Amino acid sequence: MSTDTSNTSPGKFLTTSPTSCAAPAVEPEEPVRVVPLVLAGLGAVALSWYVWAVHGAQFGALLVIGLFLGVALFHSRFGFTSAWRQLVAVGNGQGLRAHTLLLGTAATLIALVIGTGTGLFGNTPEASAGPIGLALFVGAMLFAIGMQLGGACASGTLFAVGSGQSTIVLTLGGFIVGSVIYTFAFPVLSGWPEVPGVLLSEHVGWLGSWAVTIGILLLIVLATRVVQARRNPPPTAAPPSAKGIARVFRGSWPMLVGAVVLGVLAGAVMLVSGGIWGVTTAFALWGAKFLQLIGLQPETWEFWQQPDFAPMLAGSVWTEKTTLTNVGIILGAAVAAATAGAWKIHSEIPWRTAVAAILGGILMGIGARLAGGCNIGAYLGGISTGSLHGWLWGAFALLGTWVGLKLRPLFGLAVPKPSDSAC
């Protein structure tokens, strides 16, 4: 039986389409987890004060933006991994259509920021075109395979760790290990064939770049609706939710609300830092800092001797943009999960799931560095700034998702099926 959930409102047009049955009823939120909420809240306040007082307002503002990112990611349960899995496995494009709203919001704000040269703290916002070549294609595929095995993408890993998901801690560990492997093997893994990137604004201006981006996003919305109508997939399951005004603070938020808030925050990162929101550079840095802590010398590696990275390793992690937003996401998600009553530590992890989490993290760490970014830095950052490499990253990530879905059953991980009641 097909349930036609289409509607003429813009929100329904983006998120809904015919499904094989009605979505399961939404469960109420659990009681607030007071102890995790107090600890995460105090940690967020104390760290924000420290960074602001010791390193300055710009770095403090980036940490605060990260806190809001964590709250928005958790409360909207905004997924990249699940969205691609649902689309490829059963044809449900609801998650990908939410991506288009996030990308469109970020592209609009970033075009305004860069197009007008508006930057805070004395920075000049700018976009750069990522190179296009074999490393981009292989890296995006490896990353997508890894996120289907590891259970989360780059941003998803951070907010899942913050919400107490023990398995994803293993994914994060693998992510850091994979990043370190790449930085160590940089002389071998760099120098692959590539051509210079393409930035639309250099050819059609920022207004033209924005118009092209929005046009392509609208075509994606239409294409996913056609695919979903033909495949008639199961609906997506909604997370537990509070009601009334409590929903603002306890969640869950409608996915479209999360998409808009995340897009605004991505624009805020550009405004404050002068560059795009990124995630995975911090994982390589954390791994290198740990190696230094135990007496090793990663600063002698060729990767960390590059002009863009040597000062980063020599300096404080609290002046590195991606570290600030990443830590903010973890703490913000912890506050949001505790407020929603969803903060839990799972002590029992099946061994195959644990292996998949670590392997998936390693693949994502290597893939992100090969491709010059992840689902945030390359996909969101590339597309929202009008760089062609962002679109290509997304295309090869979809291909990698298909491979990852073929591998998931080997580790006892489920893959959505048309006969499911929810995907």
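Along the sequence shown, residues carry numbers from 1. Nothing here was measured: the structure is a model prediction, and the numbers come from that model.
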Between T385 and S387, a side-chain donor and acceptor under 3.5 Å = no
In Å and rounded to the nearest 0.5 Å, what is the OG1 to CG distance from T236 to D420?
-> 12.5 Å
Separation between CD of E126 and CG of L199, rounded to the nearest 0.5 Å | 10.5 Å
dist W277:CH2 -> N326:CG (nearest 0.5 Å) comes out at 9.0 Å
Whether N92 side chain and Q86 backbone form a donor-acceptor pair below 3.5 Å | no
V38 vs L42 side-chain heavy atoms within contact, under 4.5 Å = yes
Can a donor-acceptor pair be found between the side chains of W301 and T183 at a distance below 3.5 Å?
-> no
Give me the ring orientation class for F283 and F175: parallel if the planes are under 30° apart, tilted from 30 to 60°, perpendicular past 60°.
-> tilted
Please work out whether the ring planes of F186 and Y182 are parallel, tilted or perpendicular, with thresholds of 30° and 60°.
-> perpendicular
Which heavy atom of W304 sits nearest a heavy atom of E299, and at what distance?
-> CB-CA, 4.2 Å
Look at the side chain of T224 and the backbone N and O of I220, then say whether any donor-acceptor pair between them is shorter than 3.5 Å.
-> yes
Check: L380 main-chain N/O paired with N375 side-chain donor or acceptor under 3.5 Å | no
Does R231 use its side chain to pair, donor to acceptor, with the backbone of A89 at less than 3.5 Å?
-> yes
Do you know which two heavy atoms are closest between F78 and G258, and how far apart they sit?
-> CD1-C, 4.4 Å
Determine whether the side chains of T280 and R369 contain a donor N or O and an acceptor N or O closer than 3.5 Å.
-> yes
Will you find, in the side chains of R97 and Q228, an N or O donor that is under 3.5 Å from an N or O acceptor?
-> yes
With sequence neighbours left out, what residues match W318 under side chain to side chain donor-acceptor pair (under 3.5 Å)?
-> none
Picking from I294, T300, L293, what satisfies side-chain contact (heavy atoms from CB on, under 4.5 Å) with L296?
-> I294
For A140 and F396, which heavy atoms make the closest approach, and how far apart are they?
-> CB-CB, 3.9 Å
Of all heavy-atom pairs between A357 and L170, which one has the smallest distance, and what is that distance?
-> CB-CB, 3.9 Å
Side-chain (K289) to main-chain (L313) donor-acceptor, under 3.5 angstrom = yes
Checking S166 side chain against I345 main chain: does a donor-acceptor pair fall under 3.5 Å?
-> no
Are the side chain of Q148 and the backbone N or O of T81 linked by a donor-acceptor pair below 3.5 Å?
-> yes
For residues W393 and F137, establish whether the separation of their ring centroids is below 6.0 Å.
-> no
Separation between CD1 of I110 and OG of S201, rounded to the nearest 0.5 Å = 11.5 Å
Kindly compute the distance separating CD (Q292) from CD (Q297), expressed to the nearest 0.5 Å.
-> 9.0 Å
Report yes if some heavy atom in the side chain of K344 is under 4.5 Å from a heavy atom in the side chain of Q165; otherwise report no.
-> no
Over 12 foreign heavy atoms within 6.0 Å of CH2, W391 | yes
Taken to the nearest 0.5 Å, the spacing of M255 CE from L262 CG works out to 11.0 Å
Taking the side chain as every heavy atom from C-beta outward, state whether L217 and L103 have any pair of such atoms under 4.5 Å apart.
-> yes
Indicate yes or no for a side-chain donor-acceptor contact from R250 to the backbone of E30 under 3.5 Å, with no hydrogens or angles considered.
-> yes
For F290, does the CZ atom sit with more than 12 other heavy atoms under 6.0 Å from it, leaving out its own atoms?
-> no
Does NZ or CZ of R77 lie under 6.0 Å from the centre of the six-membered ring of F74, at an angle within 45° of the ring axis?
-> yes
Using atom types as modelled and distance alone, determine if a side-chain donor or acceptor of E320 lies under 3.5 Å from a backbone N or O of T322.
-> yes
Under a 4.5 Å cut-off applied to non-hydrogen side-chain atoms, are L39 and W343 in contact?
-> no
Any side-chain heavy-atom pair from L370 and W192 closer than 4.5 angstrom?
-> yes
Are the side chain of H389 and the backbone of I383 linked by a donor-acceptor contact shorter than 3.5 Å?
-> no
Exercise: identify the closest heavy-atom pair between V272 and A61 = CG1-CB, 4.2 Å
Closest heavy-atom contact between L136 and P131?
-> CD2-O, 3.9 Å
